[in-house]
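Here is the structure we will look at, set down as structure tokens.
For reference, positions follow the sequence shown, starting with 1. The basis for the numbers below is simple: all heavy atoms, side chains too, and nothing from hydrogens, waters or symmetry mates.
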Amino acid sequence: MKTFISFEEALELTLANVAAGQTERLPLDQLTGRILAEDIAAKVDAPSSTSSRKDGYAVISSDLAGATEENPVELKVVGKLAAGDVASLQIAGGQAVRVTTGAPLPEGANAVLSEEFCEPSTDAIIAHHIAEEGRNILERASDIRRAETVATKGEKLSPALIGLIASAGLHRAPVYKMPKMAVIASGNEVLAPGEPLTEGKLY
């Protein structure tokens, strides 16, 4: 008759008879170290709009084709947008909009000229550098796309992953409840810490 089993066999038997615990939905600031109970899908695009990567001027790329120090191009500045603004402006050929990092791109613009490559005047800029299409632009949903899975069931939640879940538009997430653990000590030689330790005993 088999009396002893190996550690590996004992572990296999234990895991085969342990069911997944109950779940709970917790706010993001309580998720670190917990285990995700469901896949998480993004509720929003991130970023939520196409925006500027740098401080500068939103432009139409073709307006600056061939612009150099010796052959600068003048563009009329028709407005300003900052991070958090609504993209309510539109530009046409020969125009530019002053933008800060994170500002939404005005309609019609397809590039951002860094401010170090131009000289501002009262209502215009003198550009002395090209800005090819897509330059200094962060496209909408380039980090996270709505309905995209950003975290999967069974993942251990780290601060970085929690930040990703926040960017995806969620403020709570489902996790498994913490298991309750107990230690069963057997043997007459075992004493609880704090009791007098006599010969042959151990804590």
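- Note: Thr32 OG1 to Lys156 NZ = 10.0 Å, rounded to the nearest 0.5 Å.
- A 6.0 Å sphere centred on CG of Asn188 holds no more than 12 heavy atoms belonging to other residues, nucleotides or ligands.
- Remark: of the listed residues Asp123, Thr122, Ile125, Ile125 is the sole one forming a side-chain contact (heavy atoms from CB on, under 4.5 Å) with Val77.
- Placement of Ile144 and Ile165 within a single hydrophobic cluster is found when ILVMFWY residues are connected by side-chain heavy-atom separations under 4.5 Å, directly or transitively.
- Heavy-atom contacts from other residues, nucleotides or ligands closer than 6.0 Å to CZ of Arg145 number 12 or fewer.
- Closest approach of Ala37 to Tyr176, counting heavy atoms only: CA-CE1, 3.7 Å.
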Atom pairs and distances, side-chain donor-acceptor, residues 104-115, under 3.5 Å, sequence neighbours left out:
| from | atom 1 | to | atom 2 | distance (Å) |
| --- | --- | --- | --- | --- |
| Asn110 | OD1 | Ser61 | N | 2.7 |
| Ser114 | OG | Lys54 | NZ | 3.3 |
| Ser114 | OG | Asn136 | ND2 | 3.2 |
| Glu115 | OE1 | Arg98 | NH1 | 3.0 |
| Glu115 | OE1 | Arg98 | NH2 | 2.9 |

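- Grouping the Ile, Leu, Val, Met, Phe, Trp and Tyr side chains by contacts below 4.5 angstrom, directly or via other members, places Val59 apart from Ile137.
- The heavy-atom pair separating Thr100 from Ala83 by the smallest distance is OG1-N, 3.3 Å.
- The number of heavy-atom neighbours closer than 6.0 Å to OH of Tyr203, taken from other residues, nucleotides and ligands shown, is above 12.
- The aromatic rings of Phe117 and His129 lie parallel to each other, their planes meeting at an angle below 30°, with 60° marking the opposite boundary.
- Annotation: Glu189, atom CD; neighbour count of heavy atoms from other residues, nucleotides and ligands within 6.0 Å is above 12.
- Nearest heavy-atom pair, Leu161 versus Ala151, reported as atom, atom and distance to 0.1 Å: CD1-CB, 3.9 Å.
- Applying the salt bridge (charged side-chain N to carboxylate O under 4.0 Å, His left out) test to every pair with at least one member in residues 34-53, sequence neighbours left out, gives these pairs: Glu24-Arg34, Arg25-Glu38, Asp45-Arg140.
- Taking CD of Glu155 as the reference point, atom OG1 of Thr152 lies at 3.5 Å (rounded to 0.5 Å).
- Ile40 contributes atom CD1, which lies 5.5 Å from atom CG of Leu170 (distance to the nearest 0.5 angstrom).
- For Asp85 (side chain) and Ala82 (main-chain N/O), a donor-acceptor pair under 3.5 Å exists by modelled atom type.
- Taking CG of Leu191 as the reference point, atom CG of Leu202 lies at 7.5 Å (rounded to 0.5 Å).
- Annotation: side chain of Val78 is in contact with side chain of Ile91 (closest heavy-atom distance under 4.5 Å).
- Contact between Ile60 and Gly93 at its shortest, heavy atoms only, is CD1-N, 3.6 Å.
- Within a 6.0 Å radius of CD in Glu12, other residues, nucleotides and ligands contribute 12 heavy atoms or fewer.
- Considering every non-hydrogen atom in both Ala166 and Leu28, the closest pair reads CB-CD1, 3.5 Å.
- Rounding to the nearest 0.5 Å places CD1 of Ile162 at 10.5 Å from CD of Gln30.
- Transitive grouping of hydrophobic side chains (ILVMFWY, heavy atoms separated by less than 4.5 Å) keeps Val18 and Met178 in distinct clusters.
- Clustering ILVMFWY residues whenever any of their side-chain heavy atoms sit less than 4.5 angstrom apart, transitively, puts Leu36 in the very cluster that holds Leu164.
- When all heavy atoms are compared, the tightest approach of Leu26 to Val175 is CD1-CG2, 3.8 Å.
- Val97 and Leu75 end up in different hydrophobic clusters when Ile, Leu, Val, Met, Phe, Trp and Tyr side chains are linked at under 4.5 Å.
- Distance NE2/His128 to CG/Leu64: 11.0 Å, rounded to 0.5 Å.
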